[in-house]
**Q** 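To start, I am sharing the structure in question, which I have written as structure tokens.
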Amino acid sequence: MPQDSSQADFWNSRYQNGVTPWNAGGIPHEIAEFAHQHERGRVLIPGCGHGHEVQALAQGGHQVTAIDFSPDAVAAAQAVLGPLADCVHQADFFALNDPQGYDWIYERAFLCALPRSRWSDWGRGMQTLLKPGGYLAGYFFLADKPNGPPFGTDEATVQQLLGPGFERLACAQARYSLPVFSGQEYWMIWRRCA
């Protein structure tokens, strides 16, 4: 199997071989609660995988755009979503340009899937794609794990990547964490202030 997680072939081979330990098979509690409590808006889900969250968010009145650069991931998500398949697009997060911006971005196993050489690009993307006052909400793999994926990080590094224009509003251990994250997955909410 390909070993460079910055390439679509890496992820295509995982989907083709059924090696998808990041697939929760549903929507985690914290994101469901967050989506219910916040004003309906435009939501971006980068690295959407099987796209289970898309259905719950769209049915809750959010305008959801889910992207993945792996054609096999997009096909898997579209198969899961049926009538909502048109919410999922094959696209590269790092080439995404949406002048309208997003009200919030959902993070789930996207940053930790990226090699560290792409992390500063991830931070710039969040700064560019989120509207001022918008939220980055999701799950972060806070662990001392330099080899991956998943690649571990820490809260200070996430803050550094996002820059001074982001404020952390919440950080708590996830109520339910997938085995691949071994209880080191944290629910975090960041707000873009400027």
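Counting begins at 1 with the first residue of the sequence.
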**Q** Give me each pair satisfying side chain to side chain donor-acceptor pair (under 3.5 Å) with a member in residues 66-85, each pair once, sequence neighbours excluded.
**A** N12-S70, Q16-D72

**Q** Can you name the salt bridge (charged side-chain N to carboxylate O under 4.0 Å, His left out) partners of E53, sequence neighbours left out?
**A**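 Salt bridge (charged side-chain N to carboxylate O under 4.0 Å, His left out) list for E53, sorted by chain: empty.
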
**Q** Ring centroid separation for F151 and W119, is it under 6.0 angstrom?
**A** no

**Q** Regarding W122 and E107, is there a side-chain donor-to-acceptor distance under 3.5 Å anywhere?
**A**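 Result is yes, a qualifying pair exists.
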
**Q** Could you pull out every donor-acceptor pair under 3.5 Å between side chains of residues 55-64 and any protein atom, sequence neighbours left out?
**A**
unit_1 : atom_1 : unit_2 : atom_2 : d
H62    : ND1    : G41    : N      : 3.4
H62    : NE2    : A35    : O      : 3.2

**Q** Apply ring pair (Phe, Tyr, Trp, His ring centres under 6.0 Å) to Y106 and list each qualifying residue two or more places apart in sequence or on a separate chain.
**A** none

**Q** Who passes side chain to side chain donor-acceptor pair (under 3.5 Å) against T65, sequence neighbours left out?
**A** none

**Q** May I have the list of side-chain donor-acceptor pairs in residues 157-172 shorter than 3.5 Å, sequence neighbours left out?
**A**
unit_1 : atom_1 : unit_2 : atom_2 : d
T157   : OG1    : D154   : OD1    : 2.8
Q159   : NE2    : G163   : O      : 3.1
Q159   : NE2    : F166   : O      : 3.2
E167   : OE1    : R191   : NH2    : 2.8
R168   : NE     : E155   : OE2    : 2.2
R168   : NH2    : E155   : OE2    : 3.4

**Q** Per the salt bridge (Lys or Arg N to Asp or Glu O under 4.0 Å) rule, what does the pair list look like for residues 20-40, sequence neighbours excluded?
**A** E33-R175

**Q** How would you list all residue pairs meeting salt bridge (Lys or Arg N to Asp or Glu O under 4.0 Å) that involve residues 112-123, not counting sequence neighbours?
**A**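 Applying salt bridge (Lys or Arg N to Asp or Glu O under 4.0 Å) to every pair that reaches into residues 112-123, excluding sequence neighbours, yields R118-D121, D121-R124.
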
**Q** Taking side chain to side chain donor-acceptor pair (under 3.5 Å) as the test, write out the residues that go with T128, two or more places apart.
**A** none

**Q** Could you pull out all residues at least two apart from D103 that satisfy salt bridge (charged side-chain N to carboxylate O under 4.0 Å, His left out)?
**A**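 Partners of D103 by the salt bridge (charged side-chain N to carboxylate O under 4.0 Å, His left out) criterion, ordered by chain and then number, come out as K131.
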
**Q** Show me the donor-acceptor pairs within less than 3.5 Å that the side chains of residues 80-94 make with the rest of the protein, sequence neighbours left out.
**A**
unit_1 : atom_1 : unit_2 : atom_2 : d
H89    : NE2    : D86    : O      : 3.2
D92    : OD1    : F94    : N      : 3.0

**Q** Tell me every residue that passes ring pair (Phe, Tyr, Trp, His ring centres under 6.0 Å) with F181, counting only those two or more places apart in sequence or in another chain.
**A** F141

